[in-house]
*Asks:* 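Here's a structure for you.
Quick note on labels: first sequence line is chain A, next is B, and so on, each numbered from 1.
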There are 2 protein chains.
Amino acid sequence: MDTFKTGELSVEAKTTIQMEGAKTPHLYTVSSGMGVRYKTLENGRRQVINFIMPGDFVGLQAGVMGEAGHSIESTTPMVLCTFQRQDLWRLFQSYPSRAYDLVWLAASEEAFLGQSLATVGQRSGIERVSWALLKLYGRLDQLGLTKGNSVSLPYRQQDLADALGLSLVHTNKTLSELRSRKMADWSNGALTILDREALQSTAMMEAEERGPRPLM
Amino acid sequence: MDTFKTGELSVEAKTTIQMEGAKTPHLYTVSSGMGVRYKTLENGRRQVINFIMPGDFVGLQAGVMGEAGHSIESTTPMVLCTFQRQDLWRLFQSYPSRAYDLVWLAASEEAFLGQSLATVGQRSGIERVSWALLKLYGRLDQLGLTKGNSVSLPYRQQDLADALGLSLVHTNKTLSELRSRKMADWSNGALTILDREALQSTAMMEAEERGPRPLM
DNA sequence: CGCCCACTTGAGGAATGTCAATCTCCGTGG
DNA sequence: CCACGGAGATTGACATTCCTCAAGTGGGCG
(Lines give C-alpha, C1' and ligand atoms only; values in the text may rest on other atoms or scores of the structure.)
Protein backbone atom coordinates (compact mmCIF):
# COMPACT_ATOMS: atom_id res chain seq x y z
CA MET A 1 0.00 0.00 0.00
CA ASP A 2 2.93 2.29 0.52
CA THR A 3 2.95 2.87 -3.22
CA PHE A 4 -0.26 4.80 -2.90
CA LYS A 5 0.53 6.79 0.16
CA THR A 6 0.73 10.45 -0.71
CA GLY A 7 1.34 12.03 2.62
CA GLU A 8 0.89 12.14 6.32
CA LEU A 9 -1.51 14.30 8.24
CA SER A 10 -1.13 15.24 11.87
CA VAL A 11 -3.96 17.01 13.62
CA GLU A 12 -4.63 18.22 17.11
CA ALA A 13 -7.53 17.07 19.22
CA LYS A 14 -10.98 18.40 18.26
CA THR A 15 -10.08 19.12 14.66
CA THR A 16 -12.47 18.58 11.79
CA ILE A 17 -10.74 16.36 9.26
CA GLN A 18 -13.56 16.06 6.76
CA MET A 19 -16.87 17.87 6.40
CA GLU A 20 -20.11 16.25 5.36
CA GLY A 21 -20.76 17.12 1.73
CA ALA A 22 -17.10 17.78 0.91
CA LYS A 23 -16.58 17.20 -2.80
CA THR A 24 -12.93 16.28 -2.83
CA PRO A 25 -12.65 13.85 0.00
CA HIS A 26 -9.45 12.04 0.81
CA LEU A 27 -8.86 8.52 1.94
CA TYR A 28 -7.05 7.88 5.17
CA THR A 29 -5.48 5.20 7.24
CA VAL A 30 -5.28 5.96 10.93
CA SER A 31 -1.79 5.60 12.38
CA SER A 32 -2.61 6.81 15.86
CA GLY A 33 -5.22 8.67 17.80
CA MET A 34 -8.97 8.43 17.98
CA GLY A 35 -11.92 10.29 16.51
CA VAL A 36 -15.56 10.09 15.48
CA ARG A 37 -17.56 9.93 12.27
CA TYR A 38 -20.87 11.73 12.49
CA LYS A 39 -23.73 13.28 10.59
CA THR A 40 -25.47 16.52 11.53
CA LEU A 41 -29.18 17.04 10.91
CA GLU A 42 -30.94 20.26 10.04
CA ASN A 43 -32.18 20.64 13.60
CA GLY A 44 -28.61 20.56 14.84
CA ARG A 45 -28.82 17.12 16.35
CA ARG A 46 -25.83 14.93 15.75
CA GLN A 47 -25.61 11.20 15.07
CA VAL A 48 -22.26 9.58 15.73
CA ILE A 49 -21.93 6.86 13.11
CA ASN A 50 -18.83 5.20 14.43
CA PHE A 51 -15.76 5.69 16.55
CA ILE A 52 -12.47 5.84 14.72
CA MET A 53 -9.45 4.01 16.08
CA PRO A 54 -5.90 3.24 14.99
CA GLY A 55 -5.75 0.94 12.00
CA ASP A 56 -9.10 2.06 10.63
CA PHE A 57 -9.44 2.86 6.97
CA VAL A 58 -11.72 5.86 6.57
CA GLY A 59 -13.22 7.71 3.68
CA LEU A 60 -13.84 4.78 1.37
CA GLN A 61 -17.48 5.68 1.01
CA ALA A 62 -16.64 9.27 0.30
CA GLY A 63 -13.83 8.24 -2.04
CA VAL A 64 -16.00 6.02 -4.17
CA MET A 65 -19.08 8.19 -4.24
CA GLY A 66 -17.26 11.47 -4.70
CA GLU A 67 -18.92 13.21 -1.80
CA ALA A 68 -18.52 12.70 1.90
CA GLY A 69 -21.66 11.46 3.62
CA HIS A 70 -20.46 12.37 7.07
CA SER A 71 -17.97 14.50 8.93
CA ILE A 72 -14.86 13.28 10.66
CA GLU A 73 -13.40 14.87 13.76
CA SER A 74 -10.44 13.99 15.89
CA THR A 75 -11.02 13.47 19.58
CA THR A 76 -7.37 13.11 20.51
CA PRO A 77 -4.38 14.20 18.45
CA MET A 78 -4.21 11.96 15.39
CA VAL A 79 -1.78 10.93 12.70
CA LEU A 80 -3.20 9.74 9.38
CA CYS A 81 -1.74 8.48 6.13
CA THR A 82 -3.46 10.04 3.14
CA PHE A 83 -4.29 8.59 -0.27
CA GLN A 84 -5.63 10.09 -3.44
CA ARG A 85 -9.10 9.32 -4.68
CA GLN A 86 -8.01 8.69 -8.24
CA ASP A 87 -5.54 6.04 -7.12
CA LEU A 88 -8.45 3.91 -6.06
CA TRP A 89 -9.23 2.99 -9.63
CA ARG A 90 -5.58 2.26 -10.32
CA LEU A 91 -5.60 -0.09 -7.36
CA PHE A 92 -8.55 -2.02 -8.75
CA GLN A 93 -6.78 -2.58 -12.03
CA SER A 94 -3.41 -3.54 -10.67
CA TYR A 95 -4.03 -5.21 -7.36
CA PRO A 96 -7.23 -7.23 -7.36
CA SER A 97 -6.43 -8.81 -4.03
CA ARG A 98 -6.10 -5.39 -2.40
CA ALA A 99 -9.32 -4.38 -4.07
CA TYR A 100 -10.95 -7.44 -2.62
CA ASP A 101 -9.74 -6.46 0.82
CA LEU A 102 -11.35 -3.11 0.26
CA VAL A 103 -14.74 -4.68 -0.38
CA TRP A 104 -14.18 -6.80 2.68
CA LEU A 105 -13.72 -3.66 4.72
CA ALA A 106 -16.76 -2.03 3.18
CA ALA A 107 -18.81 -5.12 3.94
CA SER A 108 -17.61 -5.19 7.55
CA GLU A 109 -18.52 -1.59 7.94
CA GLU A 110 -21.95 -2.31 6.57
CA ALA A 111 -22.35 -5.23 8.95
CA PHE A 112 -21.40 -3.05 11.86
CA LEU A 113 -23.83 -0.34 10.86
CA GLY A 114 -26.54 -2.98 10.68
CA GLN A 115 -25.78 -3.98 14.24
CA SER A 116 -25.80 -0.36 15.35
CA LEU A 117 -29.12 0.21 13.67
CA ALA A 118 -30.59 -2.80 15.46
CA THR A 119 -29.20 -1.51 18.74
CA VAL A 120 -30.53 2.01 18.39
CA GLY A 121 -33.83 0.83 16.99
CA GLN A 122 -34.66 -2.08 19.28
CA ARG A 123 -32.74 -1.93 22.55
CA SER A 124 -33.49 0.01 25.73
CA GLY A 125 -31.16 2.58 27.20
CA ILE A 126 -29.22 0.31 29.48
CA GLU A 127 -28.97 -2.34 26.79
CA ARG A 128 -27.57 0.17 24.33
CA VAL A 129 -24.96 1.47 26.71
CA SER A 130 -23.86 -2.02 27.73
CA TRP A 131 -23.62 -3.01 24.10
CA ALA A 132 -21.57 0.04 23.18
CA LEU A 133 -19.12 -0.31 26.06
CA LEU A 134 -18.50 -3.94 25.17
CA LYS A 135 -18.01 -3.08 21.52
CA LEU A 136 -15.60 -0.27 22.30
CA TYR A 137 -13.65 -2.37 24.75
CA GLY A 138 -13.51 -5.23 22.27
CA ARG A 139 -12.04 -3.10 19.52
CA LEU A 140 -9.43 -1.56 21.80
CA ASP A 141 -8.60 -4.97 23.19
CA GLN A 142 -7.94 -6.25 19.71
CA LEU A 143 -5.51 -3.39 19.25
CA GLY A 144 -3.69 -4.45 22.38
CA LEU A 145 -4.44 -1.22 24.17
CA THR A 146 -5.99 -2.77 27.28
CA LYS A 147 -4.34 -3.19 30.64
CA GLY A 148 -5.97 -5.76 32.86
CA ASN A 149 -9.60 -5.13 32.17
CA SER A 150 -9.20 -1.40 31.74
CA VAL A 151 -8.59 0.76 28.75
CA SER A 152 -8.23 4.43 28.05
CA LEU A 153 -11.34 5.82 26.36
CA PRO A 154 -10.92 9.51 25.55
CA TYR A 155 -14.46 10.29 24.34
CA ARG A 156 -17.06 12.45 26.07
CA GLN A 157 -20.36 11.12 27.37
CA GLN A 158 -21.97 13.33 24.77
CA ASP A 159 -20.29 11.32 22.03
CA LEU A 160 -21.67 8.07 23.34
CA ALA A 161 -25.11 9.64 23.77
CA ASP A 162 -25.07 10.84 20.16
CA ALA A 163 -24.00 7.42 18.97
CA LEU A 164 -26.81 5.65 20.80
CA GLY A 165 -29.62 8.11 20.20
CA LEU A 166 -29.96 8.89 23.89
CA SER A 167 -29.84 12.23 25.67
CA LEU A 168 -26.69 13.20 27.50
CA VAL A 169 -28.50 13.19 30.82
CA HIS A 170 -29.98 9.76 30.35
CA THR A 171 -26.66 8.37 29.19
CA ASN A 172 -25.01 9.76 32.28
CA LYS A 173 -27.58 8.20 34.57
CA THR A 174 -27.31 4.90 32.77
CA LEU A 175 -23.54 4.90 33.10
CA SER A 176 -23.80 5.46 36.84
CA GLU A 177 -26.37 2.68 37.00
CA LEU A 178 -23.83 0.31 35.43
CA ARG A 179 -21.26 1.60 37.86
CA SER A 180 -23.43 0.96 40.90
CA ARG A 181 -24.28 -2.52 39.59
CA LYS A 182 -20.53 -3.14 39.33
CA MET A 183 -20.78 -4.08 35.68
CA ALA A 184 -18.65 -1.39 34.08
CA ASP A 185 -17.02 1.84 35.12
CA TRP A 186 -16.22 4.56 32.64
CA SER A 187 -14.83 7.58 34.40
CA ASN A 188 -11.80 9.85 34.16
CA GLY A 189 -11.17 8.74 30.61
CA ALA A 190 -10.79 5.08 31.45
CA LEU A 191 -13.23 2.24 30.85
CA THR A 192 -13.13 -0.79 33.11
CA ILE A 193 -15.12 -3.93 32.44
CA LEU A 194 -16.11 -5.24 35.86
CA ASP A 195 -18.53 -8.02 34.91
CA ARG A 196 -18.45 -9.04 31.29
CA GLU A 197 -21.04 -11.78 31.71
CA ALA A 198 -23.59 -9.41 33.15
CA LEU A 199 -22.88 -6.82 30.50
CA GLN A 200 -23.26 -9.31 27.70
CA SER A 201 -26.50 -10.64 29.04
CA THR A 202 -28.06 -7.24 29.59
CA ALA A 203 -26.84 -6.15 26.17
CA MET A 204 -28.44 -9.30 24.75
CA MET A 205 -25.40 -9.93 22.70
CA GLU A 206 -23.50 -13.12 22.17
CA ALA A 207 -19.73 -13.15 22.26
CA GLU A 208 -18.33 -13.10 18.77
CA GLU A 209 -15.15 -14.59 17.40
CA ARG A 210 -12.97 -12.28 15.42
CA GLY A 211 -11.38 -13.33 12.19
CA PRO A 212 -8.32 -11.74 10.65
CA ARG A 213 -8.80 -8.29 9.27
CA PRO A 214 -6.95 -6.87 6.31
CA LEU A 215 -4.76 -3.86 6.95
CA MET A 216 -4.57 -1.12 4.38
CA MET B 1 -22.66 -10.24 -15.73
CA ASP B 2 -24.58 -13.01 -17.40
CA THR B 3 -21.38 -15.02 -17.41
CA PHE B 4 -21.67 -15.38 -13.68
CA LYS B 5 -25.33 -16.08 -13.40
CA THR B 6 -25.85 -19.59 -12.13
CA GLY B 7 -29.61 -19.79 -11.86
CA GLU B 8 -32.90 -18.21 -11.20
CA LEU B 9 -34.92 -18.40 -8.03
CA SER B 10 -38.64 -17.86 -7.80
CA VAL B 11 -40.25 -17.64 -4.40
CA GLU B 12 -43.73 -16.99 -3.10
CA ALA B 13 -44.63 -14.15 -0.81
CA LYS B 14 -43.50 -14.45 2.81
CA THR B 15 -40.67 -16.85 2.09
CA THR B 16 -37.34 -16.75 3.90
CA ILE B 17 -34.62 -16.51 1.27
CA GLN B 18 -31.64 -16.29 3.58
CA MET B 19 -31.24 -16.80 7.32
CA GLU B 20 -29.02 -14.72 9.56
CA GLY B 21 -25.88 -16.71 10.29
CA ALA B 22 -26.14 -18.88 7.17
CA LYS B 23 -22.66 -20.11 6.27
CA THR B 24 -23.09 -20.62 2.54
CA PRO B 25 -24.87 -17.51 1.48
CA HIS B 26 -25.66 -16.78 -2.13
CA LEU B 27 -25.58 -13.52 -4.00
CA TYR B 28 -28.68 -12.30 -5.74
CA THR B 29 -29.96 -9.76 -8.16
CA VAL B 30 -33.64 -8.95 -7.81
CA SER B 31 -35.58 -9.27 -11.06
CA SER B 32 -39.01 -8.60 -9.65
CA GLY B 33 -40.89 -8.49 -6.38
CA MET B 34 -40.17 -6.88 -3.05
CA GLY B 35 -38.85 -8.04 0.29
CA VAL B 36 -37.07 -7.01 3.48
CA ARG B 37 -33.65 -7.48 5.05
CA TYR B 38 -33.79 -7.74 8.83
CA LYS B 39 -31.98 -8.83 11.96
CA THR B 40 -33.59 -10.57 14.91
CA LEU B 41 -32.42 -9.96 18.47
CA GLU B 42 -32.36 -12.42 21.33
CA ASN B 43 -35.48 -10.88 22.82
CA GLY B 44 -37.35 -11.57 19.62
CA ARG B 45 -37.48 -7.97 18.49
CA ARG B 46 -36.82 -7.38 14.83
CA GLN B 47 -34.94 -4.60 13.08
CA VAL B 48 -35.69 -4.13 9.42
CA ILE B 49 -32.41 -3.01 7.86
CA ASN B 50 -33.69 -2.17 4.42
CA PHE B 51 -36.46 -2.77 1.95
CA ILE B 52 -35.54 -4.81 -1.11
CA MET B 53 -36.76 -3.75 -4.51
CA PRO B 54 -36.24 -4.79 -8.13
CA GLY B 55 -32.73 -4.12 -9.37
CA ASP B 56 -31.18 -4.46 -5.93
CA PHE B 57 -28.05 -6.52 -5.52
CA VAL B 58 -28.26 -8.39 -2.24
CA GLY B 59 -25.95 -10.61 -0.26
CA LEU B 60 -22.67 -8.88 -1.01
CA GLN B 61 -21.89 -8.52 2.64
CA ALA B 62 -22.70 -12.14 3.28
CA GLY B 63 -20.78 -13.18 0.17
CA VAL B 64 -17.59 -11.44 1.14
CA MET B 65 -17.65 -12.21 4.82
CA GLY B 66 -18.78 -15.80 4.47
CA GLU B 67 -21.68 -15.50 6.84
CA ALA B 68 -24.97 -13.69 6.48
CA GLY B 69 -25.42 -10.86 8.93
CA HIS B 70 -29.16 -10.65 8.41
CA SER B 71 -32.14 -12.55 7.12
CA ILE B 72 -33.95 -11.90 3.88
CA GLU B 73 -37.64 -12.48 3.38
CA SER B 74 -39.89 -11.91 0.42
CA THR B 75 -42.96 -9.76 0.95
CA THR B 76 -44.44 -10.34 -2.47
CA PRO B 77 -43.58 -13.16 -4.89
CA MET B 78 -40.04 -12.59 -6.12
CA VAL B 79 -37.74 -13.65 -8.91
CA LEU B 80 -34.00 -13.51 -8.27
CA CYS B 81 -30.90 -14.28 -10.30
CA THR B 82 -28.35 -16.21 -8.27
CA PHE B 83 -24.56 -16.08 -8.28
CA GLN B 84 -21.91 -18.17 -6.60
CA ARG B 85 -19.75 -16.83 -3.83
CA GLN B 86 -16.53 -18.13 -5.30
CA ASP B 87 -17.17 -16.31 -8.55
CA LEU B 88 -16.76 -13.05 -6.70
CA TRP B 89 -13.02 -13.47 -6.56
CA ARG B 90 -12.90 -14.41 -10.21
CA LEU B 91 -14.77 -11.21 -10.98
CA PHE B 92 -12.20 -9.13 -9.17
CA GLN B 93 -9.37 -10.60 -11.18
CA SER B 94 -10.99 -10.40 -14.58
CA TYR B 95 -13.30 -7.43 -14.51
CA PRO B 96 -11.91 -4.62 -12.39
CA SER B 97 -14.56 -2.21 -13.60
CA ARG B 98 -17.32 -4.52 -12.43
CA ALA B 99 -15.47 -4.96 -9.16
CA TYR B 100 -15.36 -1.22 -8.82
CA ASP B 101 -19.11 -1.06 -9.35
CA LEU B 102 -19.43 -3.54 -6.54
CA VAL B 103 -17.58 -1.28 -4.12
CA TRP B 104 -19.74 1.53 -5.33
CA LEU B 105 -22.80 -0.43 -4.36
CA ALA B 106 -21.33 -1.37 -1.02
CA ALA B 107 -20.50 2.26 -0.36
CA SER B 108 -24.03 3.36 -1.26
CA GLU B 109 -25.46 0.80 1.05
CA GLU B 110 -23.21 2.06 3.79
CA ALA B 111 -24.29 5.64 3.10
CA PHE B 112 -27.92 4.65 3.28
CA LEU B 113 -27.44 2.80 6.54
CA GLY B 114 -25.77 5.89 7.93
CA GLN B 115 -28.83 7.93 7.05
CA SER B 116 -31.10 5.34 8.60
CA LEU B 117 -29.05 5.34 11.76
CA ALA B 118 -29.33 9.11 11.97
CA THR B 119 -33.06 8.89 11.42
CA VAL B 120 -33.70 6.23 14.03
CA GLY B 121 -31.28 7.81 16.48
CA GLN B 122 -32.19 11.48 16.19
CA ARG B 123 -35.63 12.02 14.69
CA SER B 124 -39.04 11.95 16.35
CA GLY B 125 -41.80 9.56 15.37
CA ILE B 126 -43.49 11.72 12.79
CA GLU B 127 -40.16 12.78 11.34
CA ARG B 128 -39.08 9.17 10.94
CA VAL B 129 -42.28 8.13 9.22
CA SER B 130 -42.20 11.11 6.86
CA TRP B 131 -38.59 10.38 6.03
CA ALA B 132 -39.27 6.72 5.34
CA LEU B 133 -42.29 7.33 3.14
CA LEU B 134 -40.33 9.81 1.05
CA LYS B 135 -37.41 7.43 0.73
CA LEU B 136 -39.63 4.54 -0.29
CA TYR B 137 -41.52 6.64 -2.77
CA GLY B 138 -38.29 7.99 -4.19
CA ARG B 139 -36.85 4.57 -4.82
CA LEU B 140 -40.00 3.28 -6.46
CA ASP B 141 -40.25 6.44 -8.52
CA GLN B 142 -36.75 5.87 -9.83
CA LEU B 143 -37.87 2.43 -10.92
CA GLY B 144 -40.73 3.97 -12.83
CA LEU B 145 -43.35 2.24 -10.74
CA THR B 146 -45.31 5.34 -9.78
CA LYS B 147 -48.58 6.50 -11.29
CA GLY B 148 -49.36 10.14 -10.71
CA ASN B 149 -48.14 10.58 -7.17
CA SER B 150 -49.17 7.12 -6.05
CA VAL B 151 -47.34 3.88 -5.91
CA SER B 152 -48.09 0.34 -4.79
CA LEU B 153 -46.38 -0.43 -1.48
CA PRO B 154 -47.01 -4.01 -0.41
CA TYR B 155 -45.45 -3.92 3.05
CA ARG B 156 -47.24 -4.14 6.40
CA GLN B 157 -47.26 -1.34 8.94
CA GLN B 158 -45.33 -3.69 11.18
CA ASP B 159 -42.47 -3.73 8.66
CA LEU B 160 -42.23 0.05 8.69
CA ALA B 161 -42.44 0.09 12.48
CA ASP B 162 -39.58 -2.41 12.73
CA ALA B 163 -37.52 -0.37 10.30
CA LEU B 164 -37.96 2.83 12.26
CA GLY B 165 -37.68 1.48 15.79
CA LEU B 166 -41.25 2.45 16.62
CA SER B 167 -44.07 0.32 17.95
CA LEU B 168 -46.78 -0.84 15.59
CA VAL B 169 -49.41 1.17 17.42
CA HIS B 170 -47.44 4.37 17.36
CA THR B 171 -46.62 3.90 13.69
CA ASN B 172 -50.27 3.43 12.93
CA LYS B 173 -51.25 6.58 14.77
CA THR B 174 -48.50 8.54 13.07
CA LEU B 175 -49.62 7.36 9.65
CA SER B 176 -53.15 8.49 10.32
CA GLU B 177 -51.78 11.81 11.56
CA LEU B 178 -50.04 12.28 8.21
CA ARG B 179 -53.28 11.31 6.51
CA SER B 180 -55.34 13.84 8.41
CA ARG B 181 -52.73 16.51 7.71
CA LYS B 182 -53.09 15.65 4.02
CA MET B 183 -49.38 15.02 3.67
CA ALA B 184 -49.31 11.35 2.72
CA ASP B 185 -51.74 8.48 2.59
CA TRP B 186 -50.61 4.89 2.81
CA SER B 187 -53.59 2.59 2.87
CA ASN B 188 -54.81 -0.48 1.01
CA GLY B 189 -51.32 -1.22 -0.21
CA ALA B 190 -50.86 2.10 -1.98
CA LEU B 191 -48.81 5.09 -0.95
CA THR B 192 -49.82 8.54 -2.14
CA ILE B 193 -47.68 11.61 -1.63
CA LEU B 194 -50.12 14.46 -1.06
CA ASP B 195 -47.76 17.25 -0.02
CA ARG B 196 -44.12 16.63 -0.71
CA GLU B 197 -42.99 20.01 0.58
CA ALA B 198 -44.61 19.49 3.93
CA LEU B 199 -43.25 15.96 4.18
CA GLN B 200 -39.73 17.07 3.37
CA SER B 201 -39.82 19.86 5.88
CA THR B 202 -41.18 17.75 8.71
CA ALA B 203 -38.71 15.01 7.82
CA MET B 204 -35.96 17.63 7.94
CA MET B 205 -34.49 16.29 4.80
CA GLU B 206 -33.29 18.11 1.74
CA ALA B 207 -34.16 16.83 -1.70
CA GLU B 208 -31.30 14.90 -3.20
CA GLU B 209 -30.23 14.49 -6.76
CA ARG B 210 -29.70 10.97 -7.93
CA GLY B 211 -26.73 9.98 -10.02
CA PRO B 212 -26.52 6.92 -12.23
CA ARG B 213 -26.36 3.62 -10.48
CA PRO B 214 -24.56 0.55 -11.74
CA LEU B 215 -26.68 -2.49 -12.49
CA MET B 216 -25.34 -5.91 -11.75
C1' DC C 1 -69.95 -19.07 7.60
C1' DG C 2 -66.19 -18.30 10.37
C1' DC C 3 -61.41 -17.57 11.03
C1' DC C 4 -57.21 -15.12 10.57
C1' DC C 5 -54.51 -11.31 9.59
C1' DA C 6 -53.80 -6.59 9.28
C1' DC C 7 -55.33 -2.33 10.69
C1' DT C 8 -57.52 0.84 14.15
C1' DT C 9 -58.52 3.10 18.50
C1' DG C 10 -58.52 4.16 23.54
C1' DA C 11 -56.47 4.22 28.15
C1' DG C 12 -52.79 4.09 31.28
C1' DG C 13 -47.90 3.62 32.33
C1' DA C 14 -42.90 3.55 31.74
C1' DA C 15 -38.82 5.09 29.61
C1' DT C 16 -36.57 8.84 28.11
C1' DG C 17 -36.11 13.88 27.17
C1' DT C 18 -35.66 18.75 28.73
C1' DC C 19 -34.47 22.32 31.84
C1' DA C 20 -31.68 24.02 35.25
C1' DA C 21 -28.51 24.11 38.96
C1' DT C 22 -24.27 22.49 40.87
C1' DC C 23 -19.67 20.36 41.10
C1' DT C 24 -15.03 19.34 39.86
C1' DC C 25 -11.19 19.76 37.24
C1' DC C 26 -7.77 22.34 34.94
C1' DG C 27 -5.53 25.86 32.39
C1' DT C 28 -4.84 30.88 32.09
C1' DG C 29 -4.01 35.53 33.39
C1' DG C 30 -3.04 38.80 36.94
C1' DC D 1 -0.34 32.09 44.53
C1' DC D 2 -4.96 32.93 43.68
C1' DA D 3 -9.15 34.38 41.07
C1' DC D 4 -11.56 33.45 37.09
C1' DG D 5 -13.70 30.92 33.36
C1' DG D 6 -14.81 27.03 30.53
C1' DA D 7 -15.65 22.16 29.64
C1' DG D 8 -17.39 18.04 31.11
C1' DA D 9 -19.83 15.36 34.56
C1' DT D 10 -23.57 14.92 37.88
C1' DT D 11 -28.08 15.43 39.96
C1' DG D 12 -33.06 16.64 40.76
C1' DA D 13 -37.62 17.94 39.14
C1' DC D 14 -40.80 17.84 35.72
C1' DA D 15 -42.58 17.13 30.88
C1' DT D 16 -43.69 14.23 27.04
C1' DT D 17 -43.09 10.95 23.72
C1' DC D 18 -43.71 6.52 22.94
C1' DC D 19 -44.91 1.74 24.55
C1' DT D 20 -47.97 -1.84 26.21
C1' DC D 21 -52.25 -3.79 26.93
C1' DA D 22 -56.69 -4.51 25.40
C1' DA D 23 -60.57 -4.49 22.61
C1' DG D 24 -62.74 -3.94 18.29
C1' DT D 25 -63.20 -3.49 13.07
C1' DG D 26 -62.98 -5.11 8.38
C1' DG D 27 -61.69 -7.78 4.48
C1' DG D 28 -60.07 -12.17 2.24
C1' DC D 29 -60.18 -16.97 1.94
C1' DG D 30 -60.87 -21.90 3.00
*Asks:* Rounding to an integer number of Å, can you tell me how far A:N172 CG sits from C:dA20 C1'?
*Replies:* 15 Å
*Asks:* List in numerical order all residues of residues 148-166 of chain B for which some heavy atom is under 4.0 Å away from an atom belonging to DNA chain D.
*Replies:* B:G165, B:L166
*Asks:* Taking A:S124's backbone N and O only, do any of them form a donor-acceptor pair with A:E127's side chain (distance below 3.5 Å, no angle check)?
*Replies:* yes
*Asks:* Taking only heavy atoms on the protein side, list every residue of residues 177-191 of chain B lying under 4.0 Å from any atom of DNA chain C, sorted numerically.
*Replies:* B:R179
*Asks:* Does a side-chain heavy-atom distance below 4.5 Å link A:P54 with A:S31?
*Replies:* no
*Asks:* Counting only N and O atoms by type, is there a donor-acceptor contact under 3.5 Å from the side chain of B:E20 to the main-chain atoms of B:T40?
*Replies:* yes
*Asks:* For B:D56 and B:V58, indicate whether the former's side chain and the latter's backbone hold a donor-acceptor pair under 3.5 Å.
*Replies:* no
*Asks:* Please check: side-chain N/O of A:R179 versus main-chain N/O of A:W186, any donor-acceptor pairing under 3.5 Å?
*Replies:* yes
*Asks:* Taking 5' to 3' order, which nucleotide of DNA chain D is first and which is last to have an atom within less than 4.0 Å of a heavy atom in chain A?
*Replies:* D:dG8 to D:dA13
*Asks:* Quick one: do B:N50 and B:E109 satisfy side-chain hydrogen bond (donor to acceptor under 3.5 Å, both in side chains)? Show the steps, please.
*Replies:* CA-CA 9 Å; B:N50 202 351; B:E109 194 62 37; 2.9 Å; yes
*Asks:* Can any side-chain N or O of A:T15 pair as donor or acceptor with the backbone N or O of A:S74 at less than 3.5 Å?
*Replies:* no
*Asks:* Below 30° counts as parallel, above 60° as perpendicular, anything between as tilted: where do the rings of B:W131 and B:F112 land?
*Replies:* parallel
*Asks:* Could you tell me the separation between the NZ atom of A:K173 and the C1' atom of C:dT22, rounded to a whole number of Å?
*Replies:* 14 Å
*Asks:* Between A:V169 and A:I126, which is nearer to the 5' end of DNA chain C once each is assigned its nearest nucleotide?
*Replies:* A:I126
*Asks:* Taking atom CG of B:N188 and atom CG of B:L153, what is their separation to the nearest 0.5 Å?
*Replies:* 12.0 Å
*Asks:* So, A:K39 and B:Q115: side-chain donor and acceptor under 3.5 Å apart, yes or no?
*Replies:* no
